[in-house]
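Reviewing the structure listed below.
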Amino acid sequence: MNRATQPYIGFEEYSEHVPQSIPLAVQQATSRFVSGRAARVAELPQWEELRQIGSDIRQHTMENMDVYLTRLEAALQSAGGHVHWAEKAEDARRIVLQIAKEHNVKTAVKSKSMATEEIELNHALEAAGIQAIETDLGEYIIQLAGTGPSHIIVPAVHLKKEEIAALFSEKLDIHAPADPIELARIAREVLREKFLHAEMGISGGNFLIAETGTLVMVTNEGNGRMCTTMPDLHVAVVGIDKVVPDWESLTVFLKLLARSATGQKLSTYTQFITGPRRAEGEFGPEEFHLVLLDNGRSKILKDPVGRDVLKCIRCGACANVCPVYKNVGGFAYGSFISGPIGAILSPQMLGTQTARELPYASTLCGACADVCPVKIPIPTILRHLRRRVAQGDEFSALTVPVPIRVAAMFASIALAWNWIYRLGARLLPVINPFFRRNGWLSGMPYPLSRWTKVRPLPPFTARFRRWWNVRSAKWKDST
Amino acid sequence: MMINPVIENIRRSLGRTAQISSPQGTLLSLHPAICEPRLPKSVDSEIEYFLSEIKKLSGIGQRLSADKIADAVKILVSEHNIQKATIWDTPYLKQLGIADSLRSLGVELISPNANKHDMALCDLGITEADYLLPETGTLVLRSSVEKPRGVSLLPRIHLAVIRPEMLRADMHQVFAEAKDSRYLVFITGPSRTADIELTVTLGVHGPKNLYVWMIDG
Amino acid sequence: MSKAQLFITCLGDQFYTATLRNMTLLLERLGVELTFPAEQTCCGQPLFNNGFEEKTRPVAMNFMRAFSTSDAPIIAPSGSCVSMVKHHYPSLFNAGTPEHVLAVEIASRTFEFTEYLVNVLKITDVGAVYPHKVTYHASCHYLREMGLKTEAKTLLNAVKDLELVSLNEEETCCGFGGAFTVTYPEVSRSMMENKVNNIISSGADTVITCEPGCLMNVAGGLYKAGSKIRAMHIIDLLSSKEEPA
């Protein structure tokens with residue numbers, strides 16, 4: 001994610017051109033995760049308490065991020081790990097490439113990492129002649145397909161098994177059957193060779209424990225373990241907002257994460273990695289590098305309202321309940337992160353010029369805030385970012401298009417000067433006969449056409465005030 | 001002293017003019033809801049709880065006494081056509097004689113310290129577990145030269161031979177004991193994915209079959 | 001005798017005269033003496049929700065002036081409008097200013113209609129009769145911002161001969177979202193169609209909502225889908241004395 005190179009995110013345009021297959025597929029995933037989550041939440045009577053504690057721990061950590069990151073660095077270094085600080089995306093890419101070059105890396109196997117998607121690491125590696133292979137099955141599929149993720153947790157859910165079979169057949173030069181179990185077996189075989197021969201494993205991280213310098217990875221397939229166990233070199237790229245003070249605090253997030261994401265009690269594999277392997281003859285990498293990624297997070301920290309976005313633990317629960325997301329899928333959000341969290345993160349990372357449409361990609365229904373395991377007040381932040389777009393604030397000048405600004409000005413005047421409003425209310429019914437059909441108004445001119453092209457408008461019938469006045473006059477007469 | 005631009009950015013954003021070494025405000029990790037310990041009823045109920053969770057995860061768990069192990073090994077080997085196996089070199093597993101049972105069935109034993117390429121050819125990997133978490137059916141494994149990570153990862157079948165004394169009430173206990181490990185893995189069922197049309201598939205990159213033998217009596 | 005002021009909402013004013021009449025007559029029948037401050041226009045929610053906070057202030061000032069000549073409670077047939085006044089008006093003004101003091105005071109006495117009936121007047125049965133299969137759409141701000149989880153169904157369950165059937169995805173947004181309908185009309189369409197399909201498959205002949213905005217959207221959507229299902233505001237149902245055929 002790079003402010004300089006990121007193209008404008010046209011949510012309206014993208015959302016209007018979504019093939020129907022995508023929301024259908026996404027909805028199957030989301031409904032499964034929603035019912036799974038509900039079952040797990042029902043098992044934990046202290047769920048609401050855990051959410052509050054999770055939110056409080058994240059708040060405390062944010063307010064002391066410098067202290068905890070410094071502790072993390074010291075702890076990891078004494079465990080023999082290398083720590084690098086990447087202020088911008090290009091710094092992170094440069095650091096990873098440097099490490100790869102020093103170790104003569106030809107092939108890197110990658111575990112699922114949104115941070116590496118954020119910095120577009122794969123492009124940089126490929127450009128340097130290094131083969132970077134995604135090993136998480138969903139990520140592997142979309143890498144072969146050359147597309148982005150449609151869902152945070154199951155990125156390839158929009159593809160049918162027939163499409164995936166065709167993809168494997170073409171890219172791997174084999175005959176792949178349209179059967180999920182067979183396709184997974186093929187991926188296992190192909191990727192196993194890569195795991196065993198790759199010189200470098202690249203991962204992200206779900207949490208970083210400052211107390212001991214420990215990287216925590218939450219995965220299901222085993223590729224996370226393979227990437228961090230088989231190659232001699234492990235590089236982890238992790239956002240600075242992933243730091244957690246200590247192991248006790250971590251228990252809260254481990255209780256919240258898998259339940260919120262997929263409805264599992266715990267994911268299949270949770271790894272706790274503190275530096276490289278201890279002794280010769282042990283499995284695991286000889287060298288471990290942690291690249292701490294800032295890329296705008298420290299700047300977001302300055303905004304007391306917007307910075308709650310840094311509490312996110314990337315579970316995807318918000319997307320699973322968002323009616324907007326479920327009707328458009330992940331691509332419409334124009335970046336590696338979608339759904340409600342994407343709508344509040346992208347504008348803060350990329351700015352409210354590039355991402356000015358995203359804070360409005362919501363009806364403010366609030367379903368997301370109800371399920372966020374760390375109680376991020378997403379609708380509050382959406383309104384906050386809408387203010388940034390519409391009127392500007394200390395972080396950015398306004399970016400709202402002029403016609404909308406003018407319309408808002410007229411609306412403000414008409415609604416504040418009540419004689420204008422009341423006059424308008426009495427005059428509007430005049431237009432009814434021109435558009436009335438079967439008791440509804442349809443085919444209205446711009447801008448009301450944006451309403452009537454979807455469903456008709458009721459006729460303008462502002463008669464309450466007159467009714468009230470007539471009634472009051474009658475009473476006055478009779479008393 | 002090198003100026004770390006990221007830390008400087010953070011400090012500036014938080015309105016801090018000077019470096020501080022201790023966090024401000026209290027961390028709520030002493031909050032009752034976090035450290036309230038879980039009080040298990042009895043060892044027996046914990047074992048049953050653990051095994052029922054394993055079953056829910058499509059793992060195969062059973063309780064057996066040490067003298068029944070040889071038979072169980074025989075069944076496992078024939079059911080899954082085990083040709084090569086690798087086993088942790090621990091005193092307890094040696095005591096149980098599993099390696100000998102395997103050898104007597106014609107299974108080739110690969111050293112647990114073999115390189116990854118050789119170990120990748122194994123059908124079966126046998127480990128113990130350092131801790132067990134009944135609520136989630138989780139096996140907790142540390143890593144060392146005697147207990148290599150690859151044994152529970154590379155073969156398509158993972159057999160964990162466990163004992164009641166590994167049981168812990170909850171994560172808090174495990175962390176209190178094991179936080180200084182250089183490597184720890186929580187294994188909660190066999191490897192799985194739902195990435196293709198949400199169809200659950202086991203054994204993607206990690207083991208497809210997880211067997212858990214609780215040795216008591 | 002209770003006193004209250006009618007906050008008719010801009011959508012109610014433009015499109016739902018009958019509902020407002022019913023609200024007036026129903027509250028009076030329940031013993032509430034009503035006044036109607038004619039200077040009211042709109043709570044300002046469409047401007048506020050779209051980030052035009054500065055432009056909302058004069059609109060809020062007009063509202064507060066209109067409703068401060070009396071200190072009687074303010075009642076509206078809309079959870080979102082009430083939420084705007086209760087939860088957002090104070091944030092529009094700097095703490096310590098007279099406007100802020102007024103906003104806090106007004107916020108404390110503004111109620112949504114079902115909230116006022118059930119939680120303030122403690123009335124759950126208004127003697128309504130409606131022999132139909134009815135389903136209920138839980139509007140987002142009514143449900144989540146106002147926290148009104150049971151009031152509507154309590155009132156519906158007391159209606160004679162009414163059979164309440166469940167609505168699949170009852171709490172899912174219908175796609176109105178105020179200006180959202182004209183900002184992203186196609187996404188709004190998908191959400192509306194989803195809600196309409198759920199209403200049709202509920203088997204009800206009537207769908208009830210407590211929000212004029214949702215009502216406009218859903219009623220229009222049902223018409224567009226060729227459905228004969230009636231969409232009504234809860235107030236209109238509670239005013240019904242329809243005898244079985």
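To find a chain, count down the sequence lines: A is the first, B the second, and so on, and within it residues start at 1.
Interface check for chain A: of the options B:Ser181, B:Ser152, B:Gly189, the most heavy-atom pairs under 4.5 Å are formed by B:Ser152. Comparing B:Pro190, B:Ala194, B:Gly15 by how many heavy-atom pairs each has under 4.5 Å with chain A, the most go to B:Pro190. In terms of heavy-atom pairs under 4.5 angstrom with chain A, the leader among B:Thr138, B:Ile10, B:Val145 is B:Ile10.
Checked options A:Glu87, A:Lys299, A:Arg297; the residue passing with B:Asn9 is A:Glu87 (criterion: side chain to side chain donor-acceptor pair (under 3.5 Å)).
Looking at B:Arg142, neither its backbone nor its side chain comes within 4.5 Å of chain A, counting heavy atoms on both sides. For a residue to count as touching a neighbouring chain, one of its non-hydrogen atoms must lie under 4.5 Å from one of that chain's; by this rule B:Asp170 does not touch chain A. Neither the backbone nor the side chain of B:Ser111 comes within contact range of chain A, judged by heavy atoms closer than 4.5 Å. For A:Arg225, the parts sitting under 4.5 Å from any heavy atom of chain B are the backbone and the side chain alike. Heavy-atom distances place the side chain of A:Ile240, and not its backbone, under 4.5 Å from chain B. Heavy-atom distances place both the backbone and the side chain of A:Ile181 under 4.5 Å from chain B. Contacts of A:Pro304 with chain B are absent, with no heavy-atom separation under 4.5 Å from either backbone or side chain. Contacts between A:Thr228 and chain B at a heavy-atom distance below 4.5 Å involve the backbone alone (N, CA, C, O). With a 4.5 angstrom heavy-atom cutoff, B:Leu154 touches chain A via backbone and side-chain atoms both.
Using a 3.5 Å distance cut-off with no hydrogens or angles, the side chains of A:Gln271 and B:Tyr183 do pair a donor with an acceptor. Donor-acceptor pairing under 3.5 Å is recorded for the side chains of B:Thr193 and A:Glu221. A donor atom on one side chain and an acceptor atom on the other are not found under 3.5 Å apart for A:Asn64 and B:Gln24.
For the pair A:Glu248/B:His172, a side-chain contact is recorded, criterion being any heavy-atom separation below 4.5 Å from C-beta on.
Counting only distance, with no hydrogens or angles, the side chain of B:Asp195 and the backbone of A:Gly138 share a donor-acceptor pair below 3.5 Å. Of the possible donor and acceptor atoms, one in the side chain of A:Lys265 sits under 3.5 Å from a partner among the backbone N and O of B:Glu135. Under the 3.5 Å distance criterion, the side-chain polar atoms of A:Arg278 are left unmatched by any main-chain donor or acceptor of B:Ser143. Although no hydrogens or angles enter the test, the distance criterion places a donor-acceptor pair under 3.5 Å between the side chain of B:Arg182 and the main chain of A:Pro276. Counting only distance, with no hydrogens or angles, the side chain of B:Ser13 and the backbone of A:Leu301 share no donor-acceptor pair below 3.5 Å.
Here B:Lys179 pairs with A:Glu211 in a salt bridge; the nearest charged N to carboxylate O distance falls below 4.0 Å.
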